[in-house]
Amino acid sequence: MTLPFLVATAGHVDHGKSALVQALTGTNPDRWAEEKARGITIDLGFAACRHRDRTYSFVDVPGHERFVHNMLAGVGCLDAALLVIAADESIMPQTREHAIALHFLRVPRVVVILSKVDSVDADMLALVHEELDAWLPQFGWDNAPRVPFSKHQPATCSEVLAALAALPKTPPTIGEVARFAVDRVFAADGAGTVVTGVMTRGALVAEDPLWLARDEAPLRLRRLQIHGTEVTQVPERSRAALNLARIHYSALHRGDTLTAQPAPYLTKFLLVRLTLFVEDWSPGPKHQCHLHFLSRHRLARLLWRHDGLAMLALDQPADFWVMDRGLLRDQSPLTLVAGFEVIHPYPPESKRRALLRRLTGALPASSNGAVWFRQWWHWAQGLEPSVVLTRSQILRLWGRGPSAEDVADWVALDSECWVTKAVWKNAEVLVLQVLEEAHRTAPFRAWLDWQSIAATLHQQGLAPLLLDRVSAALHQQAQIYVSGDRVGLVGRQPVWSLSDRRRLAQFLSAYDAASGVLDVRLLGRARKQTADLELWLHRSGCLVWLSPDLMIAAETLYQIQHRLAQDLDRDGLTVQQLKAWFGLSRKTAIPLLEWMDHNGWTRREGDHRLWLQPDLVLRDPAWEMASLAELARVN
């Protein structure tokens, strides 16, 4: 198979673009009767030819001012462009506009075609060259080949093909998600839905699943064709026709993009960087303009501009990746006014003040993809400070996965998730700050409840996976300790303030040392003031809730457990026996028996409880936690 080479023609109306394509390929790219009748290209025209080891796919774009939006649909992803300039008219308005578009969209190579050379003399041709000498350098095309052409001189076709053959092929990208830009949709007899367009990134293989960003179900590729020849693979930067299954042709439109999984985010807001082509262009608030990207044409409102950044609001949701480049045309007059580069296709804020408050640094200058990829993530931390970078998220934002070089400066949470070193450091600081504040708020606690600390950190934006990894690292560094549901700063000793001692004494006033039971209803209104102590004593294991209003000392519960395990006979335990053995009242004995039933110590049969734990491992709570007697001595 020959190497595909995608070429677009550009230039002013009636400068001979379609004639050039027809002379090279033998195909008239004007597809519609109206185009042929009027003698100008209205929509995109397509043709191809094979020369040496290449297949040249030509996209003939309209040159008329009214149809520049169609022209822009054809120059989004090219190997080269033929800038056609008629020798008898030289540089014209649409020549300039097309050149601006080609330059901003970074078309890698441009060949200047001087058409209609048979209609001018040598002096006129020399003047055209002088004008080109002054004009081309502003686009960096000083050394662009200049090839004469006339449809009446067949030998000039060979010169054009020779100039194209001398251009190197743009190397394919590595590791990028496949994307196909649709420019035509129709139904073919016996085949169903067919779309044509350009493979802008990656490659497609027959039977590969493809996604529309607005759909959840994948589409299936039935057949692939390149210029009428059935193929098994469509390489990057080549025109192709795709026969799709699982979708009706009416559900697809020009401007849609088909991508591999994961599909890019669907968004109505774009954070972009603008490059103005018209210096005095100063639109008012919510100014509406035309947005062009690949074959996509949308209306967009310019919500705000600030230091090169701008927020665009699209009339319909669309999908974009970071670094996608497109163009803006004003509505009146229809003038190409600016180019845009997508900085964030799914910004967390659309309002200027809210978004600018999040930014902590200047946007890095755009450079090659690998360098800017790493710079961009450091900059983006201001928008989402605690974001965990997953492979899926990176693919949806960038259309490419991270390389080993990209993640070398990141901290790996697992094989599919990373954070930048700045995010990791901020997370460590945040965890230590929250623990310090919790210890300061309740200094009497020897340890803190991990569940409540984690909830606080999650509310402050710390992702669960990041919290787990950071807490484990801090534990390993002996800055904090994590044990089960307990956490705390290493070396922090409990301290009882005078006010906390008074509240503890107030709470323990409801404790009956003889029975080991504390009835919180006796506290009355004071229960609200000591609620944190009540919860902490339960969490620390000193007290166990038998019911919402009744607590029992863990030491007492241990004694009951020990006695029942040793002395309870086969006949089981009654309420009267429990009261007699431990000196409990009925209002305590009944909740205690229900608690033992619920926790699997006993099972009720009639009026008796059968002991179900003959091999229960007895544990003395005093081994691990302070007793109420010890707390009472604090007072």
Side-chain angles (χ1 to χ4, degrees), residues 4 6 73 76-77 172-226 229-270 293-298 314 316-324 342 344-346 389-403 415-417:
L6 188 62
C77 176
T173 55
I174 305 299
E176 295 199 344
V177 176
R179 176 166 67 184
F180 185 86
V182 176
D183 52 43
R184 290 181 63 205
V185 183
F186 55 91
D189 291 340
T193 301
V194 175
V195 298
T196 66
V198 176
M199 197 72 226
T200 65
R201 286 200 194 182
L204 283 181
V205 178
E207 300 299 326
D208 275 354
L210 286 175
W211 273 262
L212 274 172
R214 59 179 178 265
D215 291 342
E216 294 183 2
L219 312 178
R220 183 172 62 85
L221 282 174
R222 283 177 173 164
R223 298 163 59 197
L224 308 174
Q225 283 189 356
I226 295 180
T229 302
E230 193 152 334
V231 296
T232 58
Q233 183 177 13
V234 177
E236 187 178 80
R237 295 177 186 262
S238 58
R239 283 201 56 80
L242 312 182
N243 182 201
L244 300 174
R246 302 174 185 166
I247 192 168
H248 193 267
Y249 75 94
S250 62
L252 287 164
H253 310 281
R254 178 174 178 158
D256 284 338
T257 53
L258 304 175
T259 63
Q261 191 76 334
Y265 289 109
L266 199 63
T267 179
K268 287 196 71 172
F269 296 96
L270 289 177
F293 169 69
L294 298 177
S295 57
R296 182 176 300 156
H297 176 205
R298 293 280 190 273
L314 307 177
Q316 301 176 43
D319 54 289
F320 291 87
W321 284 325
V322 178
M323 290 189 72
D324 279 342
V342 176
H344 203 305
Y346 200 68
L389 314 177
T390 65
R391 187 177 298 275
S392 174
Q393 179 196 27
I394 294 170
L395 286 169
R396 296 190 72 181
L397 284 173
W398 279 81
R400 52 159 288 194
S403 66
S415 60
E416 296 290 316
C417 299

Q: Please name the pair of heavy atoms, one in R237 and one in P4, separated by the smallest distance, quoted to 0.1 Å.
A: O-CB, 4.4 Å

**Q.** Axial cation check for Y346 ring with R396, 6.0 Å and 45° limits
**A.** no

Q: Give, for atom OG1 of T257 and atom CG of L294, the distance between the pair rounded to the nearest 0.5 Å.
A: 7.5 Å

Q. Which heavy atom of Q233 sits nearest a heavy atom of P235, and at what distance?
A. O-CD, 3.7 Å

Q. Just by modelled atom types, is the G255 backbone N or O under 3.5 Å from a matching donor or acceptor in the R296 side chain?
A. yes

**Q.** Any donor-acceptor pair under 3.5 Å from T200 side chain to A181 backbone
**A.** no

Q.
side-chain contact (heavy atoms from CB on, under 4.5 Å) for L242 and L204? Distances and angles first, verdict last.
A. CA-CA 10 Å; L242 312 182; L204 283 181; 4.0 Å; yes

Q. Taking all atoms of both residues into account, what is the closest heavy-atom pair of E236 and G202, and its distance?
A. OE2-N, 3.0 Å

Q. Does S295 use its side chain to pair, donor to acceptor, with the backbone of V182 at less than 3.5 Å?
A. yes

**Q.** Minimum-distance pair of heavy atoms, taken over all atoms of A191 and N243
**A.** O-ND2, 3.0 Å

Q: Determine, stepwise, if the pair R179 / D319 fulfils salt bridge (charged side-chain N to carboxylate O under 4.0 Å, His left out).
A: CA-CA 11 Å; R179 176 166 67 184; D319 54 289; 5.4 Å; no

For residues 208-215, which side-chain donor-acceptor pairs fall under 3.5 Å, sequence neighbours excluded?
{"residue": "D208", "atom": "OD2", "partner": "V205", "partner atom": "N", "Å": "3.0"}
{"residue": "W211", "atom": "NE1", "partner": "E216", "partner atom": "O", "Å": "3.2"}
{"residue": "R214", "atom": "NH1", "partner": "D256", "partner atom": "OD1", "Å": "3.0"}
{"residue": "R214", "atom": "NH2", "partner": "A251", "partner atom": "O", "Å": "2.8"}
{"residue": "R214", "atom": "NH2", "partner": "D256", "partner atom": "OD2", "Å": "2.9"}

Q | Closest non-hydrogen atom pair between S250 and H248, with its separation | A | OG-ND1, 2.7 Å

Q | Heavy-atom pair with the smallest gap, counting every atom of L395 and G401 | A | CD2-N, 3.2 Å

Q: List the steps, then state whether side-chain contact (heavy atoms from CB on, under 4.5 Å) holds for Y265 with L397.
A: CA-CA 7 Å; Y265 289 109; L397 284 173; 3.7 Å; yes

**Q.** side chain to side chain contact (heavy atoms under 4.5 Å, CB included) against A187, all qualifying residues, sequence neighbours excluded
**A.** Y249

